[in-house]
Amino acid sequence: MKHIQKRFLLFAVAAVSILLPAVAQNLEEQTIDSLATSNEEVQVAFRKVAEGNILGGVSVVNVEELTKKNYNTYSIDNMQGYIGGWNGNSLWAMDEYLAMVDGVPRDLNNVKPDEIETITFLKGAQAVVLYGSRAAKGVVLVTTKRGKISPLKVDVRANTGWSVLKAYPEYLGSAEYMTLYNEALANDGLAAKYNAEEIYNYGLGTNSYRYSNLNFYSSDFIKKAYNRSDVTAEISGGNERARFYTNVSYNNEGSPLNFGEAKKTRADRFNVRGNVDLKLNDFITAYVNGNVSFYNANASAGGNYWQLASTFRPNRVSPLVPLSAIDSNATAAWELIANSNNIIDGQYFLGGTQEDLTNVFADYYAAGKTKYTSRQFQFDAGVNIDLEKVLKGLSFHTQFAVDYATSYNTSYDNEYATYIPTWSNYNGQDVIVGLKKSDTNDKKSGVQNISGSASNQTIAFNAHFDYNRTFNNSHNVSAIFVANGYQQSKSKEYHSTSNVNLGLQASYNYEQKYFAEFGGSVIHSAKLAEGHRQAFSPSISLGWNMAKESFMEDSAFDKLMLNVSGSILHTDLGINDYYMYAKSFNQSDGSWWGWYDGQSIHATNSKRGENLDLTFLKRKEFSANIKASLWNKMLTADASFFMNTIEGKLITPNNLFPSYFFTYWPEATFLPHINYDNDKRVGFDFALNYNKRFGEVDFSAGVSGTYYTTKASKRDDSGFADAYQNRQGKAIDGIWGYECLGFFESPEDVANSPEQKLGGTVKQGDLKYKDQNGDEVIDSKDQIYLGRGGWYGNPLTLGVNLTAKYKGFTLFVLGTGGFGGKAIKNDAEDTNYWWISGQDKYSKEVRGRWTPATAATATYPRLTTEGGANNFTNSDFWIYSTNRFNLAKVQLTYDFPTKMLRKTIINGLSAYISGSNLLTIAKEREILEMNVGTAPQTRFYNLGVKVTF
């Protein structure tokens, strides 16, 4: 059945993209206003509304116009540079926003900027009420391009550019590592592992094959830059009966890795989008949208290179050893190596050690290759019926969508042998006198393996009656009544993600001056017990366009709209699973018992208590907005204030219920989930735009920003003995840890200080913490609030954009900034850079380690081969500021004069050059631009050309 559905979708998209343009060009031309989209209309929930009738909490970016001066490759790239309320990853500091493309929940990664007409950011609760439960934390609504009434138009855009690596983590070489590891052993009272001669040989660097000094970021393995290229063709046109838009594109991107199979690492994507609008008769129109994308990513088999770059010590192995290093008289070694199928470049064999019989470098040369494949098929269609003959101003609209996505990995997995060399020195020259082969053999099975198969499906439907009418040229009335729902199914997940609701919104304005709007939604969620699965979400807004008042007639204001909104939205966002209201029992970890000797079975334990009264979370919000336009739109402003709470977040009430409701062993509990925690957010956003012509220069500038605070307005803090540890009243995104007093200076300092029970042996040179509660013990009770982590985006986000046009030249500059956030210098799982202990790889940070000689200037704790738990925990010693300003984009575009093209088939020609992520201005720039355990950050330089036929 799935194969039939996929073939149908492919057929539909092909018909939309190829056949209909030809049909449309031959249809009789007529004029219909209903198909024309006014530039003053904004796409909001389920419909378009005149920009002047929107009552706040909504921001729009015209991506189609923006792309003419700012080429980019990601749909919502740096949108905080144009509007307020969006800080790069959330709307009004909320998480889990709903992304929609053409009214259907879809991944924004699957729509390119050159396919997009506008992006609407629905920030306020009143703006999202019609979408129901899953939209309660905001909606990013992408509207793709559509055809216009015009002759056939073809735009071809081609780009090629280079991603240039910014910065690498810096790790110590072998000799320095070995020296400092010996120091760590000495700090722990242990004997040195490496002798002076070994360290000298490793440091000498004359034979890196015998004395390895492996640098993952060497130019032997990493390119400084790699290419990305794309080409896009846009075909559009139509007449009064039918209009079409088609986008066909292909892009290809390389990798910074420059050796073995990894050198062939590339990702490519082929995409076809087709949108068609049809006039079926005088009162019925319809549309069909289709999109197909094919994505492939080739890579080498084996380990994660970037993660291993942060953990693999430099002295462990030489991955490639030259054949020329083998003594010509070592007959056995030559006979052994002659059987290898993996002689690299005809010069090197795969080296190994007893500890590392395989390694990531050998993997990338000999372990095979993998390919990730993803296919996406998206289809939606809708009908619009004008019911003017039934009731003036009434219309009906419906949409149905089906999306499929599949992905899987294919691989050819090879086995290979490595060879452990035995070195000797003859007459001052290092030579290999013997080889030992690993237990594995070189083997290429030729069998293609398939793994990681995944699929998901989205089915969406909505239908709504719209009413728009003006009475006596003064009273403007509009309403929408909608039934909406969608379901997203994913492989290996039993339950689908679902959303279903009924919505009503009624609006009234008097002469575009006084506005009132009521919205409401009845939502349903199967995640709650029967009797609690429905809720009503109301919203009310009032607005006043002061510019329409008689006393403002001679003012500079074209528009001065003030409005306020109040809303209560119910949502199941935060109820992360089904049946969380139900009691749960299992035997998987029960203790063993038996009624008689010789029998033993698992006990059945309670894992959760029952709470049939579990209910929806609530977003309660008050917001105010002002929109102004002055001097014929020379200056425009849009600013909002918001104050919202998320109430009834789920917790397991460990401290609110008696202790006999749970046991630690056997692990069992009768505690239910309850609605308890509340969060509060207060903030404002703004966007100012200035447009002015100076002589022959058209100049425009925009400044935008978002500021917010967060507070845990209700928490169960009864588990804390001291008020300074209470979470209530503190930031939701708070960082908690210890107050560091510096380093222990001596054994006596350790002995005379409160006992630090954070783990491990505490000695001089370790971090010393403040005893906050005075109990002479340092433990979790001494943790305090250290600052805001900015988990929902920086507390203050700023953006600035500048455009200057002179004759055919357009210069565009974009900057973004984030301020007020803090972070901890720590390491992600399975990476090493900041918190180094035991057998970890040493970064340059350890050069500032504490020793008796550097006690006054040390910037890092003493080295240790133990776990280092006392030092490597959250404290203000490790905290740093994430304040930064980025020069995000500079682009220079030249539009060739049309008179140059008069005698050609070309109607328009533009060329441009641009740079992205060019500069970071920050006190902690080195940290902010450095990736540990993942591929390095890059700057991107691009050359592009656009031709219109």
Side-chain angles (χ1 to χ4, degrees), residues 59-83 86-89 99 101 106-121 140-145 155-164 166 225-234 247-254 267-269 271 273 293 295 700 702 704 797-803 810-818 885-895 910-920 937-946:
S59 295
V60 183
V61 177
N62 188 327
V63 179
E64 186 172 8
E65 288 299 314
L66 180 63
T67 304
K68 294 178 182 178
K69 60 182 179 182
N70 179 22
Y71 161 81
N72 62 74
T73 60
Y74 179 50
S75 56
I76 54 174
D77 184 49
N78 288 315
M79 286 292 148
Q80 66 270 31
Y82 314 104
I83 62 167
W86 170 258
N87 57 25
N89 58 17
V101 178
R106 287 169 174 157
D107 190 344
L108 297 182
N109 286 323
N110 202 47
V111 57
K112 303 185 290 84
D114 56 33
E115 300 175 63
I116 298 173
E117 180 182 22
T118 63
I119 301 179
T120 307
F121 295 84
V140 176
L141 182 57
V142 171
T143 302
T144 60
K145 297 177 182 177
D155 290 325
V156 178
R157 182 189 295 267
N159 295 278
T160 188
W162 291 265
S163 294
V164 180
K166 281 187 177 183
Y226 57 94
N227 180 258
R228 184 194 187 279
S229 298
D230 65 61
V231 61
T232 301
E234 297 178 87
N247 184 300
V248 182
S249 66
Y250 174 79
N251 68 63
N252 188 295
E253 184 169 11
D268 60 35
R269 180 179 185 268
N271 181 83
R273 179 178 297 277
S293 65
Y295 177 84
S700 65
S704 58
T797 301
L798 295 175
V800 58
N801 63 85
L802 305 172
T803 304
T810 301
L811 175 65
F812 174 78
V813 180
L814 175 67
T816 61
F885 183 82
N886 302 316
L887 181 57
K889 189 67 172 286
V890 175
Q891 179 168 317
L892 180 64
T893 305
Y894 181 68
D895 298 316
S910 300
Y912 49 92
I913 182 171
S914 65
S916 305
N917 304 320
L918 296 174
L919 176 67
T920 297
Q937 298 178 38
T938 63
R939 298 179 178 87
F940 183 63
Y941 300 94
N942 183 75
L943 295 170
V945 61
K946 180 183 177 182

V813 and Q891: CA distance, side-chain angles, deciding distance, side chain to side chain contact (heavy atoms under 4.5 Å, CB included) verdict: CA-CA 7 Å; V813 180; Q891 179 168 317; over 6 Å; no

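- In this structure, N942 and T160 approach most closely via the heavy-atom pair OD1-O, 3.2 Å.
- Looking only at atom types and distance, the side chain of N271 has no donor-acceptor partner in the side chain of Y295 under 3.5 Å away.
- Formation of a donor-acceptor pair under 3.5 Å by the T144 side chain with backbone atoms of I116 is not found in this model.
- With sequence neighbours left out, the salt bridge (charged side-chain N to carboxylate O under 4.0 Å, His left out) criterion links K946 to no other residue.
- The nearest pair of heavy atoms linking V111 to S75 is O-CB, 3.5 Å.
- S229 and N252 share no side-chain donor-acceptor pair at under 3.5 Å.
- Salt-bridge formation is not detected for the pair E234/R157: no Lys NZ or Arg NE/NH1/NH2 atom is positioned less than 4.0 Å from an Asp or Glu carboxylate oxygen.
- With sequence neighbours excluded, the residues that form a side-chain contact (heavy atoms from CB on, under 4.5 Å) with T816 are N78, Q80, N886, A888.
- Under the 3.5 Å distance criterion, with hydrogens and angles disregarded, no donor-acceptor pair is assigned to the side chains of D895 and T893.
- Applying the side chain to side chain donor-acceptor pair (under 3.5 Å) criterion to K69, with sequence neighbours excluded, gives T803.
- Checking D114 against T67 by side-chain atom types alone, no donor-acceptor pair falls below 3.5 Å.
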Using the rule given for side chain to side chain contact (heavy atoms under 4.5 Å, CB included), can you reason through T810 versus K68, listing the C-alpha separation, both sets of side-chain angles and the distance that settles it, and then say yes or no? CA-CA 9 Å; T810 301; K68 294 178 182 178; over 6 Å; no

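- Remark: I913 CD1 to L943 CG distance equals 5.0 Å, nearest 0.5 Å.
- Atom NZ in K166 sits 8.0 Å away from atom CG in L918 (nearest 0.5 Å).
- Contact of the T938 side chain with the V164 side chain is not registered, since no non-hydrogen atoms from C-beta on lie closer than 4.5 Å.
- Screening L811, L814, L919 for a side chain to side chain contact (heavy atoms under 4.5 Å, CB included) with V890, the sole residue that qualifies is L811.
- Legend: residues meeting side-chain contact (heavy atoms from CB on, under 4.5 Å) with R228, ordered by chain and number and at least two apart, are Y71, T73, D230, N251, E253, F940.
- Judged purely by distance below 3.5 Å, without hydrogens or angles, the side chains of T232 and N247 never pair a donor atom with an acceptor atom.
- Two residues are said to be in side-chain contact when any heavy atoms from C-beta on lie closer than 4.5 Å; V800 and Y82 fail this criterion.
- D107 pairs by the side-chain contact (heavy atoms from CB on, under 4.5 Å) definition with N109, not counting sequence neighbours.
- Annotation: side-chain contact (heavy atoms from CB on, under 4.5 Å) contacts of N72 (sequence neighbours excluded): N70, D77, P113, K889.
- When side chains are defined from C-beta on, F812 counts as touching N801, because their heavy atoms get closer than 4.5 Å.
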Give the intermediate values and the outcome of ring-ring contact (aromatic ring centres under 6.0 Å, His included) for residues W162 and Y941. CA-CA 5 Å; W162 291 265; Y941 300 94; 9.1 Å; no

Pair V61, F121 - check side chain to side chain contact (heavy atoms under 4.5 Å, CB included), show working. CA-CA 8 Å; V61 177; F121 295 84; 4.1 Å; yes

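- The existence of a salt bridge linking R273 and E115 is confirmed by a sub-4.0 Å separation between a basic side-chain nitrogen and an acidic carboxylate oxygen.
- Contact of the R269 side chain with the S293 side chain is registered, since non-hydrogen atoms from C-beta on lie closer than 4.5 Å.
- Residues S704 and G81 share a closest heavy-atom pair of OG-C, 3.6 Å.
- Between I119 and M79 the shortest side-chain heavy-atom distance falls below 4.5 Å.
- N159 contributes atom CG, which lies 7.5 Å from atom OG of S914 (distance to the nearest 0.5 angstrom).
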Any chance you could lay out the side chain to side chain contact (heavy atoms under 4.5 Å, CB included) test for K112 and S249, step after step, and finish with the verdict? CA-CA 9 Å; K112 303 185 290 84; S249 66; 2.8 Å; yes

